Amino acid sequence: LREEELIESFVRGSGPGGQKINKTSNRVVLVHEPTQLRVECQETRSLQQNRKIARTRLKEKLDEYLNGSQSKLGVKQQKAAMKKQKSKSKSRSR
């Protein structure tokens, strides 16, 4: 993930939290230019933490977009499905 491929903007927050959230620009919007994937983050009141979280989410989303079933999330879901199927077949044999 290269910084020059990202468009980062800061938007005013919204939702519960009152004046502290609504008054400050702590929502981070990241757009990956080549793929046009978009991620928004407003988890905390801290702008720096939101930037970090948004980048992590964008990496995961980009991994899933580019690698599909071979991405980290795809492999994890496949393992969970296999485990569930295995336990299901064990319970049937009892």
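From a predicted model like this one, the values you see are computed outputs, not experimental measurements.
- Within a 6.0 Å radius of CD in Q85, other residues, nucleotides and ligands contribute 12 heavy atoms or fewer.
- If you take OG on S46 and CZ on R51, they are separated by 10.5 Å, rounding to the nearest 0.5 Å.
- Listed by chain and number, the residues in a side-chain contact (heavy atoms from CB on, under 4.5 Å) with Q77 are L73 (sequence neighbours excluded).
- The number of heavy atoms from other shown groups lying within 6.0 Å of OH (Y65) does not exceed 12.
- Note: R27 CZ to S14 OG = 4.0 Å, rounded to the nearest 0.5 Å.
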Checklist entry - Could you walk me through whether K86 and K83 pass the side-chain contact (heavy atoms from CB on, under 4.5 Å) check? => result CA-CA 5 Å; K86 195 174 182 180; K83 188 175 181 181; 5.6 Å; no
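- Every residue two or more places apart in sequence or in another chain that forms a side-chain contact (heavy atoms from CB on, under 4.5 Å) with E33 is listed here: I7.
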Item to check | Verdict with supporting geometry, V29 and F10, side-chain contact (heavy atoms from CB on, under 4.5 Å) | outcome: CA-CA 6 Å; V29 179; F10 308 106; over 6 Å; no
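- Atom-to-atom distance recorded for T24:OG1 and L47:CG is 8.5 Å, nearest 0.5 angstrom.
- Both V39 and L6 are members of a single hydrophobic cluster when ILVMFWY side chains are connected at heavy-atom separations under 4.5 Å.
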Run the side-chain donor-acceptor check on residues 53-63: report pairs under 3.5 Å with partners two or more places apart or on a different chain.
{"from": "R55", "atom 1": "NE", "to": "E3", "atom 2": "OE2", "distance (Å)": "3.2"}
{"from": "R55", "atom 1": "NH1", "to": "E8", "atom 2": "OE2", "distance (Å)": "3.0"}
{"from": "R55", "atom 1": "NH2", "to": "E3", "atom 2": "OE1", "distance (Å)": "3.0"}
{"from": "T56", "atom 1": "OG1", "to": "K52", "atom 2": "O", "distance (Å)": "3.0"}
{"from": "R57", "atom 1": "NH1", "to": "E40", "atom 2": "O", "distance (Å)": "3.4"}
{"from": "R57", "atom 1": "NH2", "to": "E43", "atom 2": "OE2", "distance (Å)": "2.9"}
{"from": "K61", "atom 1": "NZ", "to": "R38", "atom 2": "O", "distance (Å)": "3.0"}
{"from": "D63", "atom 1": "OD1", "to": "N67", "atom 2": "ND2", "distance (Å)": "2.5"}
{"from": "D63", "atom 1": "OD2", "to": "K72", "atom 2": "N", "distance (Å)": "3.0"}

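- At least one donor-acceptor pair under 3.5 Å links the side chain of N50 to the backbone N or O of T44.
- Nearest heavy atom pair, residue S25 against residue R12, reads OG-CG, 3.8 Å.
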